[in-house]
Amino acid sequence: MKLYINSVGIISPSLQASGEWQLPRVDENYLTCIEPDYTQWIQPQQLRRMSRIMKMGTTAALMAVKTGASKPDAIIAGTAYGCLEDTATFLTKIIELNEEALNPTPFMQSTHNTIAAQIALLQNCQGYNQTYVHGAFSFEHALLDAGMLLTDTPAQTILTGGVDELTKAGHAIHSRFNKYRKQNTPYLISPAGDGTWAGEGAAFFMLSGANESTVAIADVHTFMASSSEQAFQQLDNFLKQNQLDTDAIDFLLTGKNGDQKNDLFYDQLIDVRFSDQAFGAYKHLCGEYSTSTAFATALAYTILKHQTVPVSVLNGSLNTPIKTLLIYNTYGPHHSLILLTV
Amino acid sequence: MEQLMADLKVQIIEALNLKHLKPEDIGDDQPLFIEGLGLDSIDALELIVLLQQKHNTKIANAQDGPKIFKSVRSIAEYVRANQAAA
């Protein structure tokens, strides 16, 4: 079942909903979103209660809906950590106020499904509403669910997206695991170093089973792999199921994140399976976060739609036309494949 | 009383994130809910928490809520009476 992408809404550290790019600003070892004027999208009375991730997620969704032809019949979101800022506020207040007189707003908005629910309220969408909270597979599983819904009813339009925010508390906790660069570096991917940049973003897509747009998500696969060989076997099976081989992939968009321990896998992947294919990377434009593949999917959409790869993304030379694009992302043992076609 | 009402206006703006308002924009007797400031039921909960946190004042009877939260003046009067009784 192909998921045709009718429109995209995105808030990220670089790629804007208009399709324009802005140079991401690196603060120490993280990238934060370039946020729009939210009052252009949401009433001030509703906006005042929203946390940052709610504003980002809801506005990205509204951008996708506005650009698309129709209102969504269903809403499916993927987020690994949900409304992290509100969760931290709520938990901190529990301690500070000795479990008494807690503010209701951070409590209500600390749940992961707040964003999809808020979008439904603003869109008056009473259809299917789901949020997937599956770590690094959250966005992919939202796509898989959208695929199942569209298999049943192809004429539906489903608003599907991935969103995660970077917070001070979250960054501090992840830093304990030595995930991030300890020294300021102007470049992330080349050369690789120790650790990566943290990131965040929100990207939503209006998906349909009917052929309204030429760019489509052809297939999605997630798996756990403890070795390169296992991962390559999964990749081969995935391509075979789609009647493809590696030569048929016109562009490979990798989830290289600049951490040399992590990127070793991608170097092997390119050497062993994609040595003759054009490839690139995207995490220097959005940072590393659990739903970064939503950013990658938005980037892939612009590549396929405009048939051009931004210079900062491309590694080496490119042969056009680009008809088939594969996003390969790993996040620890989590591996995901998103195949897009035009 | 005047100082208490002035403090309450600042605290209400901060607690409810009413960034578009200044304390002087809120009248002492201006209705807070529906018309007036247009606050809703979640704001009422936030105001209850505000009175507990900032003024050590609890709403003993929930049914008194609409009367207490009618305006900044009515809130101030309740706080003053409650503090006086304590």
Side-chain angles (χ1 to χ4, degrees), chain A residues 35-59 82-122 124 165 167-168, chain B residues 7-27 30-66 68-69 71-72 75-76 78-79 82-83 85-86:
Chain A
E35 296 178 67
D37 176 9
Y38 292 117
T39 58
Q40 302 293 312
W41 298 93
I42 304 167
Q43 296 285 331
Q45 193 71 1
Q46 294 164 322
L47 205 52
R48 70 184 170 91
R49 203 173 277 146
M50 291 186 185
S51 62
R52 204 167 70 88
I53 189 173
M54 282 188 68
K55 291 176 194 168
M56 280 165 41
T58 307
T59 305
C83 300
L84 204 54
E85 188 73 62
D86 274 326
T87 305
T89 302
F90 178 63
L91 293 175
T92 305
K93 290 280 182 189
I94 285 179
I95 297 164
E96 286 178 355
L97 302 172
N98 201 24
E99 300 183 19
E100 286 188 7
L102 302 174
N103 296 76
T105 304
F107 167 63
M108 291 185 306
Q109 296 183 1
S110 63
T111 53
H112 288 72
N113 60 352
T114 312
I115 300 157
Q118 186 65 54
I119 297 165
L121 284 170
L122 291 175
N124 196 21
E165 69 175 329
T167 69
K168 200 175 274 187
Chain B
D7 291 344
L8 277 168
K9 288 175 188 177
V10 173
Q11 289 161 1
I12 288 170
I13 287 171
E14 188 188 344
L16 306 184
N17 200 19
L18 300 166
K19 283 179 183 169
H20 58 292
L21 290 180
K22 292 176 187 154
E24 55 267 32
D25 295 333
I26 305 174
Q30 184 180 358
L32 298 179
F33 289 84
I34 307 173
E35 80 266 38
L37 288 192
L39 304 185
D40 59 24
S41 58
I42 297 168
D43 294 316
L45 290 172
E46 290 285 1
L47 290 177
I48 290 168
V49 171
L50 186 153
L51 294 190
Q52 277 189 246
Q53 288 178 356
K54 304 275 188 191
H55 300 278
N56 198 26
T57 302
K58 286 189 178 180
I59 309 292
N61 187 350
Q63 290 177 336
D64 293 336
I68 297 165
F69 292 124
S71 65
V72 172
I75 296 173
Y78 181 81
V79 169
N82 192 278
Q83 285 178 333

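To find a chain, count down the sequence lines: A is the first, B the second, and so on, and within it residues start at 1. This one's a predicted model, so the numbers in the text were calculated from it and none came from an experiment.
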For this session: Measure the spacing between NZ of B:K19 and CG of A:L47 and express it to the nearest 0.5 Å.
Result: 8.0 Å
Exercise. Do A:R49 and B:N17 touch side chain to side chain, with heavy atoms closer than 4.5 Å?
Worked result: no
Problem set entry | Within 6.0 angstrom of A:E35 CD, more than 12 heavy atoms from elsewhere | yes
For this session: Pick one of side chain, backbone, both or neither for A:L102, based on which atoms fall under 4.5 Å of a heavy atom in chain B.
Result: backbone
Seminar exercise, completed: d(B:K58 NZ, A:E100 CD) to nearest 0.5 Å is 5.5 Å
For this session: Check the pair A:Q45 / B:D40 against side chain to side chain contact (heavy atoms under 4.5 Å, CB included), numbers first and verdict last.
Result: CA-CA 10 Å; A:Q45 193 71 1; B:D40 59 24; 6.0 Å; no
Problem set entry | Flag if over 12 foreign heavy atoms under 6.0 Å of CD, A:Q43 | no
For this session: Only one of B:D43, B:V49, B:I48 passes side-chain contact (heavy atoms from CB on, under 4.5 Å) with A:P104; say which it is.
Result: B:V49
For this session: Check whether B:L47 gets within reach of chain A through its side chain, its backbone, both or neither, counting any heavy atom under 4.5 Å.
Result: neither
For this session: For B:F33, look at atom CZ and say whether over 12 heavy atoms of other residues, nucleotides or ligands are found less than 6.0 Å away.
Result: yes
For this session: Go through the atoms of B:L16 and report whether side chain, backbone, both or neither lie under 4.5 Å from a heavy atom of chain A.
Result: both
Exercise. More than 12 non-hydrogen atoms from neighbouring residues, nucleotides or ligands closer than 6.0 Å to CD on B:E24, yes or no?
Worked result: yes
Problem set entry | Which portion of B:E46 sits near chain A, non-hydrogen atoms under 4.5 angstrom | both
